[in-house]
Each structure stands twice: as C-alpha cells, then as structure tokens.
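Since the structure comes first, as structure tokens, the remarks are kept for the end.
The basis for the numbers below is simple: all heavy atoms, side chains too, and nothing from hydrogens, waters or symmetry mates. Below, read A as the first sequence line, B as the second, and so on, with proteins coming before strands; counting in each chain starts at 1.
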Amino acid sequence: MDALVDLTYKTENNRAIIYLYLIQKILKDENFKPYFYVELKEMSNNSIEKIKGFLKKNGLFHYVEDIEVVKKQIHNKEKEILKIITKHPKYVPKLRILKDLDEVLDIYEHDIPFAKRYLIDNELIPMTYWDFEKNKIKRKDIPKLKAIAFDMEVYNRNAEPDPQKDPILMASFYAEDFKKVITYKPFSHEYVEVVKDEKELIERIIEILKNYDIIYTYNGDNFDFPYLKKRAEVYGIKLNLGRDGEEIKISKGGMHLRSYIPGRVHIDLYSIARRLLHLTKYKLEDVALELFGVKKLEVGHQNIGKLWEENDEKLIEYSFQDALYTFKIGEYFLPLEVMFSRIVNQTLFEITRMSSSQMVEYLLLKNAFKNNTIAPNKPSNEEYQRRLKESYEGGYVKEPIRGMHESIVSFDFKALYPSIIISHNISPDTIDCECCKDESEKILEHWFCKKKEGLIPKTLRNLVERRMEIKKKMKEKAKKGEIDEEYKLFDYEQKSLKILANSHYGYLAFPRARWYSKECAEVVTYLGRKYIQQTIKEAEKFGFRVIYSDTDGFYAIWKEKISKDELIKKVHEFLDMINSRLPGNMELEFEGFYKRGIFVTKKRYALIDENNKITIKGLEFVRRDWANIAKKTQKAVLETLLIEGDVEKATKIIQDVVDDLKKGKVNKEDLIIYTQLTKDPKEYKTTAPHVEVAKRILKKGGRLRIGDVIGYIITSGEKSISERAKLPEEAEDYDVEYYIENQILPPVLRIMEALGVSKEELKNFGKQVTLDDFFKINKKE
DNA sequence: GCGGACTGCTTACCT
DNA sequence: ACAGGTAAGCAGTCCGCG
C-alpha cells in the first residue's frame with residue numbers, strides 16, 4: 001500500500017528523470033519526455049523540413065529528440081500540429097525561438113513545468129493510496145505520513161537578524177513521537193536537549209527533519225529555511241534534507257521565496273492561513289487564537305536576544321509553543337489541502353503554494369489534456385496590460401430600505417455563477433462558435449455552442465456532480481449517525497469542490513488566465529443580474545416586500561403582518577413556483593429567518609435570528625481598520641437595538657464608553673487601529689497614518705513586507721492624524737477627542753440615524769444623561 | 001482667510 | 001496575483017463669500 005507524496009525530476013546523464021516519492025520507496029520514470037507544440041501556417045513536409053533546417057543551422061537540433069505530427073483541438077477546431085519532443089526540460093525555453101519563424105503561427109504549452117506536466121499527462125492522484133499496477137485508487141483515506149513541526153529562534157540585536165553574524169539559538173520540534181527544544185545553552189525545561197554549539201544544533205536539525213514526510217513551518221519559506229541555509233553555509237554544512245539526500249532548494253516564486261525539500265512536503269502554514277482564514281493579523285498567535293481559542297505565550301522578536309542572555313526559560317516555552325501550534329495548525333489545514341491536491345492533481349507542496357486561480361488553471365490543463373485540447377498561452381505583457389484596462393458590469397445591488405425590519409426571510413441562488421455557466425454552456429471554447437451562428441437567442445450579442453460542452457462548463461459540472469454525490473453520501477451517513485472519520489473526509493472533499501467551483505467565474509476575468517474571456521464573464525454577470533432582478537419582481541408580485549439584495553440573494557418581509565408559520569409557508573410556495581421555472585440546475589433556496597434586522601446602506605446591515613444569534617455584515621464591527629473600542633461599542637449598540645429595540649439604552653452605552661475614554665480607562669490594545677500595507681511605502685501618492693508609521697519603522701531599520709498589517713494609535717497633538725499615528729509601544733497617550741469623534745461616534749451614529757433617530761432626539765437623550773461632548777458631534781453636521 | 005464641499009486615493013468589506 | 005460593487009476615512013484642493 002503506497003501513495004505519491006512528492007514528485008520532481010532530476011538530471012542524470014543529461015536526461016530528465018521523473019522521481020516519484022512514495023511513502024515506502026522512490027520510483028523513477030525514465031520514459032517521460034518534455035515537449036511543446038508548434039502550430040504551422042501550413043502543415044507540409046516542406047514546412048517541417050524548413051524548421052529542421054533552421055534548428056540545424058542554429059545548432060539547436062541536438063536539443064530535439066523527436067518531432068511528431070499530432071491531431072489536436074486548437075482554436076475550437078481539430079488540426080494537425082507539431083509536437084516537439086526535447087531531450088531535457090531546459091531546452092524548451094531555447095526552442096521557443098521557433099515562434100519567430102515564417103512557417104510558424106504560434107507555439108503552445110511551452111511553459112508548463114516538467115514535473116507538473118507529468119501529473120497532467122498521467123493518471124496518478126497524489127496523496128491517495130494507489131494501486132501502481134492497475135493504476136487506480138486503492139483507498140480514499142488520507143495516507144498516514146509522519147509529520148513534524150519545526151521552528152527556530154534567532155539572536156537579534158535590536159534590529160533584523162543578520163545571518164552572517166546572528167546565530168540560531170534554538171530549534172523546536174513537535175511531532176507525535178518527538179517533542180523537543182534543542183539548544184546549546186543549559187535551560188531547565190522538560191523538553192530541552194542541549195548540544196555543544198550552533199554547528200551541532202544545525203546538524204541535529206538536519207538529522208531530525210530527515211525522519212519525517214511532512215514538515216510544517218510558520219513562514220519557513222521566507223525565514224526559517226533561508227536563514228538555516230545561510231547559517232549552515234557559515235559552517236560549511238550542506239542542507240541535504242531531501243529523501244534521497246538532495247539539498248533543499250530555495251527559489252524565488254514571484255515576490256516570495258519557497259523552500260522545497262525533494263521527497264518531503266514542506267508546508268508553510270503562514271500563506272495557507274492568509275488564504276483560508278479571514279483575520280485582522282496573521283501572526284502565529286493570532287491564528288492559534290482563532291482556531292483553538294488559546295492564548296499562546298508571546299515574547300516579541302526584539303526581546304529574544306535579551307531573554308537568551310538572561311537564560312530566561314520563557315524563551316524555551318515560547319519556542320516550544322511555536323512548534324506545538326504550528327503542528328496543530330498544520331493538522332487543521334492538511335485534509336483540505338490534500339483534497340485540493342487530489343482534485344487538481346498536483347503535489348501537496350505545489351498545491352499549498354497555489355492561489356485559487358492557479359488551481360483552476362491546473363485543473364483546466366488536466367481536463368484540456370483529457371479532451372485532446374491545446375491550452376491557450378498565457379498573455380504576453382502587452383496583452384496583460386490590455387486586459388487590465390477592460391472592465392464590465394458585475395452583480396446587481398439593490399439600495400436597501402433603511403432602518404429596522406421584523407420577520408425577515410432571506411433567499412439565495414444555489415451557486416449562482418457556476419450554475420449559470422453550466423446551464424448556458426458559457427466557455428471561451430463555446431462562445432460565438434461557427435456551428436451555432438444562426439442560433440436565434442443571443443445574450444449580449446453572443447451565443448454559446450449547442451453541440452459541444454465547453455471546457456469550463458464540463459469541468460464545473462464534474463465538480464458540482466462530484467460534490468452532490470458526496471453530499472448525498474454524507475446525508476446517508478448522518479441518518480445512520482455515522483459522524484466518523486470518513487464523514488469528516490467527505491466534508492473536506494465537498495468543501496474543496498465548492499471552493500474550486502466558485503473560483504471559475506473569477507478565473508474567466510482574471511487578466512493572467514490562459515482561458516481568459518471578458519465576454520464570457522460579462523455574460524455570466526448579465527445573466528446573474530437578470531435572474532435576481534426577475535426573481536425580485538416575482539417576489540414582490542407574490543406578496544413579499546424586498547428590503548435588500550446583493551448579487552445572488554435577497555432579504556424580504558411579507559407585505560402584511562402574518563405569523564411566522566404562515567410566512568414560512570409563503571416562502572415555500574414561492575420557491576416551488578420560481579424553481580419550476582428556472583432552467584437547468586439553477587435553484588433558489590430559502591436561506592433563513594430573522595426576527596429583526598437593521599439595514600444601514602448597501603453592503604452594511606445586521607440581523608438577529610430566533611436564537612439571538614447576530615450576523616453583522618460590512619459594518620465597522622467586522623472591519624479591521626477600526627479600533628476595537630469602536631467595534632465593541634457598535635456591537636453593544638446593535639445588540640441592544642436588535643434584542644430590545646431600546647434607543648435610550650443604546651445611547652447610555654455610548655455615553656459610558658465616551659466617559660471611559662475621557663477618564664483614560666480604556667485598554668491600550670482596544671485603541672489600536674490595524675491597516676494593511678498594500679505597497680512599498682515610497683509608492684503611496686497620499687499621506688496616510690499606516691504609511692507614515694511604516695516609513696518610521698523602516699527608518700529605524702525594521703523589516704516590513706508588502707502585505708504586513710500595521711497597528712497604530714492616534715496620539716494627542718496639533719498635527720495631522722497621520723503625523724500623530726504611533727506604534728502601540730511608542731505611544732505615550734491617546735487623543736481622546738479623536739477616539740470619540742472619529743472612532744466611537746460615527747459607527748454608532750450611522751446606525752441610530754438609519755433607525756430614524758433624529759439628531760434632535762439624540763440630543764434629548766443626551767441631556768437626560770448629561771452628555772456634553774456627544775452633542776458637539778451632532779452639532780457638527 | 002475661513003470653513004464646508006468636493007475629489008482622489010486608499011482600505012476593507014459583500015456577493 | 002479570481003471578479004466587480006460599495007462605503008467610508010484622510011489629505012488636499014476648490015469654492016463661495018461684498
């Protein structure tokens with residue numbers, strides 16, 4: 001029983017050999033050859049001879065192993081093209097020059113990495129117990145792999161650690177069978193292992209990591225492994241961590257680094273957490289708190305050197321917890337990533353570093369290969385720039401009826417865009433086809449092939465059908481009370497299928513996509529708007545009052561007072577009517593019932609259900625760029641209004657917070673405003689608080705990366721807000737007026753105003769509780 | 001010269 | 001580095017005003 005864990009290729013005798021790393025052994029495939037396609041203006045022996053002549057003349061012919069004529073689907077037609085098979089992947093870039101020949105129209109699939117190509121062309125599913133004789137799945141459970149979490153602490157002297165000078169202090173490990181902090185200074189802690197010096201530490205790290213299949217890190221791609229490598233170089237040690245003794249490969253993947261260990265799976269959880277969670281900050285402790293509700297011990301990077309010198313055991317505990325929670329987070333994300341790896345058919349290492357558009361693209365490449373279809377090329381830079389400028393209309397958003405509503409029901413379309421794409425066969429290879437030109441019905445001047453299913457609808461239909469099957473199995477299991485391991489795996493699988501299905505529409509309009517089609521994306525949103533608007537019209541006709549709608553769903557109340565049971569009955573009558581009219585697999589669903597809801601503006605509202613569960617959308621409470629004190633106050637006000645409808649009490653809450661702020665009774669942490677740095681501080685055209693803070697951090701020699709989230713406090717003074725923004729550790733006070741006028745009051749006042757509480761009324765409430773500053777604001781408008 | 005209105009840039013959200 | 005639609009803050013500029 002074995003499974004494919006990783007795959008790469010190596011060069012032996014100038015030949016590329018595919019290495020398949022299974023759990024038990026390593027297999028080699030020496031027969032798979034790199035290739036790409038050449039489309040000729042005219043397929044003829046003469047043209048082929050000219051190409052060969054050109055290659056010979058330019059000393060390129062020895063790169064070519066063979067040239068075949070193959071029949072492929074290209075530009076929606078079957079056509080003979082050349083398949084140029086080369087002796088090594090590195091020759092493919094050199095042979096791209098063929099593109100410029102007179103005889104050649106274009107070249108294709110010349111930029112697909114060789115190991116990925118192997119998985120596209122071969123039926124082999126990674127991370128699955130596989131029958132290598134019969135070439136099929138043996139079992140669906142996740143292969144048992146030995147996993148370890150790894151983390152290092154590094155000396156620092158009030159600045160970024162410098163790998164030329166600053167040593168690694170300790171390494172922590174967490175695995176089921178190995179929990180240790182290894183260092184070279186005596187510390188007393190149950191998990192400490194002491195070695196002689198840093199050199200021995202590095203050797204020990206290598207020795208330990210070589211026992212595991214999966215290595216979890218938190219930012220290991222960009223920090224731990226590159227740093228370890230540089231320190232190892234200082235001692236002349238090679239990081240031969242690979243299964244076959246290969247060295248770790250640290251390469252640039254776009255703006256970031258990636259640390260690849262052949263034959264093992266290095267999973268960096270930082271990028272995964274950023275992709276799959278939705279948090280204010282993404283430090284290890286933030287993620288641990290979110291996922292497990294535990295407060296991890298924190299020491300702050302700048303204190304590590306000091307703690308080390310003081311021999312403080314806290315450092316050991318901190319380091320140990322880093323490894324422990326990295327492991328836990330790894331376990332948490334692994335199943336979903338395994339499902340992506342299986343569905344997209346790429347290795348776990350690659351999958352954990354792919355964006356959703358990349359996953360969609362590799363899935364489409366796989367399906368295109370199965371359909372004998374040539375993949376379109378990635379856009380040139382000019383084409384990319386052209387695409388960037390293209391825009392089109394998106395989803396429909398209805399202006400909400402502002403204020404409080406009671407007994408609200410919500411409806412939404414089940415997977416609106418995927419179902420539109422499938423039902424209307426919308427795809428770059430079906431749009432405006434020659435064969436259906438005289439098709440009577442046109443959508444935005446376009447039509448879609450009626451004879452052949454497009455690549456994207458076909459791929460989507462496969463995802464949707466697989467998901468429905470799994471959901472069915474899950475239902476059966478749940479009925480039998482079998483909420484077991486298999487059930488949980490089904491759940492991960494259906495989740496990953498859903499995520500992939502939902503990514504296809506965005507991919508169509510992604511300017512770097514191979515299968516880009518603005519026209520297709522435009523038709524999808526057009527039909528989406530049409531369906532939701534028609535459904536809203538029908539709902540109104542039926543007797544609902546639609547309060548608000550956004551893209552694929554809407555909130556409604558019944559036109560007159562009725563009981564909840566009657567309302568739910570109306571809901572189902574309406575659904576039956578609508579669904580009987582909808583085409584294909586499109587379906588409107590009942591999403592939920594809410595006792596009350598406050599609608600403020602488009603994309604900003606709050607609801608409460610029968611269990612007093614509150615849902616808040618778009619309001620400041622859910623935004624990271626507001627101080628916690630402002631968010632907490634808004635939440636308290638919303639709760640009071642939604643549960644009790646008591647405006648006066650809400651006013652009192654606000655007054656109390658204002659008083660606390662004035663008295664300086666508010667926690668510093670509650671005053672921090674978090675804002676993401678989205679570009680290099682130099683690039684900003686405007687002055688903004690977080691940018692000013694970022695510039696100061698850099699001036700002091702601190703490290704900042706694009707994408708980092710900066711926390712700051714507005715301190716008192718006369719200058720602009722940006723100039724008064726300070727890092728929490730350097731802020732000595734806070735600007736009371738700023739926090740009252742710019743943080744606390746705007747979010748709560750917007751809600752009060754939505755309820756029609758006039759400024760006059762607020763003033764009166766204020767007088768009763770002797771508010772003073774509260775009214776200053778009201779005066780403002 | 002002043003204050004409010006308006007604009008551009010920016011962020012983070014919703015679907 | 002999947003899309004468009006949207007609200008809102010801050011900084012800077014415009015505009016009216018005897």
If I take atom [atom1] in residue [X] and atom [atom2] in nucleotide [N], what distance separates them, rounded to the nearest angstrom?
X: A:E683; N: B:dT11; atom1: CD; atom2: P; answer: 12 Å
X: A:I706; N: B:dT11; atom1: CD1; atom2: P; answer: 11 Å
X: A:Y505; N: B:dC14; atom1: OH; atom2: P; answer: 18 Å
X: A:N742; N: B:dT11; atom1: CG; atom2: P; answer: 19 Å

Could you tell me from which nucleotide to which nucleotide of DNA chain C, 5' to 3', there is an atom under 4.0 Å from chain A heavy atoms?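 Both ends considered, the range comes out as C:dC2 to C:dG12.
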In residues 593-606 of chain A, which residues come under 4.0 Å of DNA chain C by heavy atom?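 Output list: A:T601, A:K602, A:K603, A:R604.
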Would you jot down, in residue-number order, the residues of residues 684-698 of chain A having a non-hydrogen atom under 4.0 Å from DNA chain C?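 Within this stretch, A:T687 sit under 4.0 Å of the strand.
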Base, sugar-phosphate or nothing for [X]? Non-hydrogen atoms, less than 4.0 Å.
X: A:T525; answer: nothing
X: A:Y384; answer: nothing
X: A:K679; answer: sugar-phosphate
X: A:T675; answer: sugar-phosphate
X: A:Y417; answer: nothing
X: A:H278; answer: sugar-phosphate
X: A:Q358; answer: nothing
X: A:G506; answer: base
X: A:W515; answer: nothing
X: A:R275; answer: nothing

Given the side-chain rings of [X] and [Y], with only the six-membered ring counted for Trp, is the space between their centroids under 6.0 Å?
X: A:Y548; Y: A:F554; answer: no
X: A:Y218; Y: A:F223; answer: no
X: A:Y712; Y: A:Y674; answer: no
X: A:Y270; Y: A:Y282; answer: no
X: A:Y526; Y: A:Y392; answer: no

Establish, from distance only, whether the side-chain atoms of [X] and [Y] form a donor-acceptor pair under 3.5 Å.
X: A:S517; Y: A:Y507; result: no
X: A:E723; Y: A:S720; result: yes
X: A:E737; Y: A:Y734; result: no
X: A:E390; Y: A:Y516; result: yes
X: A:T217; Y: A:H266; result: yes
X: A:N367; Y: A:T459; result: yes
X: A:D733; Y: A:S716; result: yes

Specify the residue among A:S722 and A:E620 whose closest nucleotide of DNA chain C lies further upstream toward the 5′ end.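 Mapping each residue to its closest nucleotide by heavy atoms, the 5'-most match is A:E620.
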Would you kindly compare A:W626 and A:F510 by the position of their nearest DNA chain C nucleotide and give the one closer to the 5′ end?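 Residue closer to the 5' terminus by nearest nucleotide: A:F510.
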Check ion pair A:R461-A:E453 (N to O, under 4.0 angstrom):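 Looking at A:E453 together with A:R461, the answer is yes, because their closest N to O distance falls below 4.0 Å.
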Between B:dT10 and C:dA1, how far apart are the two P atoms, rounded to whole Å?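 16 Å, rounded to whole Å.
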Phosphate OP1/OP2 of B:dC13 contacted by A:R623 side-chain N/O (<4.0 Å):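 No, no such contact exists.
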